[in-house]
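Structure, as structure tokens:
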Amino acid sequence: MRAVTELIASFGVAGRPLREAVARLTEAECSLADLVRHTTLPRRTVEDLLHACAADLHRDGDRQRIVADRVDDYRAAIDYRGLLASTPADPLAVAVAEHAELLDRISDDIAAAPRGRAALDHVSATAETVLRRALWLDSTFELAGARILFVGDHDLTSLALHRLRPQLDLAVVDIDDRLLEFLDGRGVPGWFSDLRCDLAEPLRGSADLVLTDPPYTPQGVQLVLGRGLQGLRDRANGRLVMAYGFSGRQPALGVRVQRAAQDLDLAFEAVLPGFNRYHGAQAVGSASDLYVCRPTARSWQVLDRTLRSAAANLYTHGAQSVEADAGLDGATATAVLDRLGEPRATLVGDGWAAVDRPATGLAAVLAGPAGRLGPTAVNLLGDPGPLLVRVLLAVNAPAVAVLLDNRHPDIADERAQRALIDLLAGKYALRLLRSTPGPRQAVVLATAVEPTLRGRLLSRAHGKVANAWREALTGTGLTRNEARERIAVSDVDARWLDGRLIDLPRHALRAVLAGVTDTLTV
């Protein structure tokens with residue numbers, strides 16, 4: 001036990017969470033994950049504590065507790081009674097208890113939702129955390145008549161708030177089409193955006209309150225908060241609420257992230273420590289704090305410059321992590337251009353240094369219309385899934401070669417391949433070359449076809465859907481008024497008509513294209 005008391009003492013005024021961990025071990029069997037989440041201590045610190053008291057632990061699989069005849073000694077060593085007496089009451093405990101049924105529904109929603117993607121830094125918050133966020137938002141802000149924007153919402157906080165207050169005006173922006181379809185099917189509308197490139201046009205200047213749980217890197221936090229600012233319409237009273245946590249072993253990382261946020265001249269009005277708990281993220285104690293950020297006048301002055309200089313790599317894992325290198329070797333780059341048959345093709349994306357020619361940034365191509373290009377080669381090796389379709393929407397060229405990971409979800413099996421081919425039909429004919437030019441790579445060759453009605457719409461990805469659809473119909477010989485009438489009687493949800501095609505979630509894109517086809521038979 002001496003090793004335990006010495007370890008606690010070595011943490012000085014920060015030693016209380018270790019006392020709480022010991023208290024927990026005297027009360028019940030705990031897994032390491034339980035202890036990390038309960039105390040918000042980093043995994044390595046909890047492992048050090050378990051090692052220090054190993055001789056007095058009873059183990060059952062991955063769970064352990066202090067043996068019965070040593071419980072009193074350990075409780076005396078940590079002043080167990082004083083610990084309990086000095087623990088403050090949870091201000092949300094009563095509200096959480098009153099919403100037990102809603103907590104069950106949130107648990108069911110989380111179980112039914114699409115699985116998270118490590119490449120997008122998805123780590124699921126606990127159902128209780130999601131409920132607590134919804135209750136806290138409802139009790140802290142005047143939400144009636146307000147628009148709440150969720151910049152990324154893998155945790156389903158928007159759905160919890162919708163279930164708590166169905167009348168609220170909510171919107172989600174996310175890069176994960178699967179999540180957007182899931183939320184839309186449950187009453188929470190959403191739009192697609194790769195935030196490195198843009199914020200979906202219908203969401204700009206639309207919100208009074210923004211909530212986000214961004215990638216925990218300086219680049220990720222700054223970009224996501226910047227897009228959140230872009231989404232605010234109330235510059236005087238609007239707030240950004242952010243979940244962010246760092247390991248107690250790495251306070252310097254916390255400083256870098258906080259500095260990145262303050263470079264946007266945001267005031268931290270409040271920081272609620274340990275508010276959020278997660279299944280995973282044990283390096284940061286399976287927890288994060290909740291920041292309430294208020295913009296200042298200077299926030300708007302520096303916003304555009306900050307967004308223009310945003311990093312391409314934001315995440316802590318995968319091909320888009322801050323440490324990842326998108327560079328192509330000369331042989332790979334040449335092989336892609338050979339497949340295209342155009343050694344002087346337009347280059348898009350990072351990683352083309354071996355070709356020794358300038359390349360157009362992916363963000364520039366996705367953010368706005370680039371006009372008609374010549375044959376184009378695109379490096380999308382870092383794409384976690386949704387960008388292939390958007391690139392083929394954004395680029396209007398006689399031929400496009402897109403380099404992908406061989407495991408890309410749009411080409412992973414025959415069903416996915418057929419869905420991709422059908423989606424782009426009328427604009428491009430696709431050839432899917434797996435294990436090309438290397439065993440872990442693939443190339444999608446897109447060749448322009450004589451445009452159909454669908455194709456004319458697909459070639460106007462940055463125009464408003466209603467306008468692009470009308471123009472496509474007039475190309476079939478209809479007058480503008482006739483085209484408007486056919487669009488008006490279609491089954492397409494009206495909210496999609498005011499958005500840009502490139503901002504639509506994939507399920508909405510499919511619905512619009514089905515409606516376009518139907519207008520020919522009206």
Side-chain angles (χ1 to χ4, degrees), residues 95-96 98-116 122 124-193 199-204 206-213 228 231-233 241 243 386 465-466 490-501 503-515:
V96 169
E98 289 174 348
H99 290 87
E101 184 176 341
L102 177 55
L103 181 60
D104 289 340
R105 291 194 72 184
I106 292 170
S107 297
D108 291 342
D109 288 334
I110 291 173
R115 294 185 62 184
H122 285 163
S124 294
T126 65
E128 183 171 335
T129 288
V130 175
L131 173 59
R132 289 169 63 86
R133 282 182 190 166
L135 293 170
W136 181 83
L137 290 168
D138 188 46
S139 63
T140 303
F141 298 103
E142 188 62 67
L143 300 184
R147 184 85 178 300
I148 303 102
L149 172 62
F150 296 81
V151 183
D153 193 31
H154 171 68
D155 292 329
L156 307 185
T157 307
S158 63
L159 184 52
L161 190 58
H162 173 68
R163 297 207 186 284
L164 179 69
R165 298 283 181 260
Q167 74 279 10
L168 293 180
D169 184 7
L170 311 178
V172 173
V173 61
D174 206 284
I175 196 173
D176 190 339
D177 286 300
R178 306 167 307 150
L179 174 67
L180 292 169
E181 183 172 10
F182 178 83
L183 290 172
D184 192 34
R186 287 157 178 78
V188 178
W191 296 84
F192 172 88
S193 286
L199 179 69
E201 193 171 79
L203 299 177
R204 298 175 200 167
S206 69
D208 304 284
L209 180 67
V210 172
L211 184 75
T212 185
D213 196 338
L232 280 179
R233 66 183 174 194
V241 179
V465 170
S490 75
D491 292 331
V492 174
D493 193 318
R495 63 188 150 135
W496 305 129
L497 299 179
D498 287 332
R500 303 183 308 171
L501 204 68
D503 295 330
L504 298 188
R506 197 176 298 198
H507 71 283
L509 177 58
R510 291 193 299 264
V512 167
L513 291 174

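What you see is a predicted model, and the numbers here were worked out from it, not measured in a lab. Residue numbers start at 1 and run along the sequence shown. When reading the values below, keep in mind they use all heavy atoms of this one structure, side chains included, and skip hydrogens, waters and symmetry mates.
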Any side-chain heavy atom of [X] within less than 4.5 Å of one from [Y]?
X: Arg132; Y: Val96; answer: yes
X: Leu137; Y: Ile148; answer: no
X: Val172; Y: Trp191; answer: no
X: Leu504; Y: Trp496; answer: yes
X: Val241; Y: Arg133; answer: no

Tell me the closest heavy-atom pair linking [X] and [Y], and the distance in Å.
X: Ser206; Y: Leu203; answer: OG-O, 2.7 Å
X: Leu156; Y: Ala113; answer: CD1-CB, 3.9 Å
X: Arg233; Y: Gly145; answer: NH2-O, 4.0 Å
X: Leu199; Y: Ser193; answer: C-OG, 3.5 Å
X: Ala511; Y: Val492; answer: O-CG2, 3.7 Å
X: Ile110; Y: Ala127; answer: CD1-CA, 3.8 Å

Discussion item. Are there over 12 heavy-atom neighbours, none belonging to Arg105, within less than 6.0 Å of that residue's CZ?
Written reply: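 Not buried by this count: 12 neighbours or fewer within 6.0 Å.
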Worksheet item: Around atom CD of Glu101, are there more than 12 heavy atoms of other residues, nucleotides or ligands at under 6.0 Å?
Response: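 It does not: Glu101 CD has 12 such atoms or fewer within range.
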Roughly how far apart are [X] [atom1] and [Y] [atom2], rounded to 0.5 Å?
X: Asp213; Y: Thr129; atom1: CG; atom2: OG1; answer: 10.0 Å
X: Ile106; Y: Asp155; atom1: CD1; atom2: CG; answer: 11.5 Å
X: His507; Y: Leu180; atom1: NE2; atom2: CG; answer: 7.0 Å
X: Thr157; Y: Leu164; atom1: OG1; atom2: CG; answer: 12.0 Å
X: Asp176; Y: Arg115; atom1: CG; atom2: CZ; answer: 13.0 Å
X: Leu102; Y: Asp109; atom1: CG; atom2: CG; answer: 9.0 Å

Worksheet item: What pairs of residues pass the ring-ring contact (aromatic ring centres under 6.0 Å, His included) test when at least one of them lies in residues 138-185, not counting sequence neighbours?
Response: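 The answer is His122-His154, Trp136-Phe141.
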Worksheet item: Arg495 and Asp184: salt bridge (Lys or Arg N to Asp or Glu O under 4.0 Å), yes or no, with the steps?
Response: CA-CA 12 Å; Arg495 63 188 150 135; Asp184 192 34; 2.6 Å; yes
Worksheet item: Could you give all pairs that pass the salt bridge (Lys or Arg N to Asp or Glu O under 4.0 Å) test and reach residues 139-154, with sequence neighbours left out?
Response: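 Passing the test, one end in residues 139-154: Arg147-Asp169.
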Practice prompt. Take Val173 and Phe192, measure what side-chain contact (heavy atoms from CB on, under 4.5 Å) needs, and give me the verdict at the end.
Written response: CA-CA 6 Å; Val173 61; Phe192 172 88; over 6 Å; no
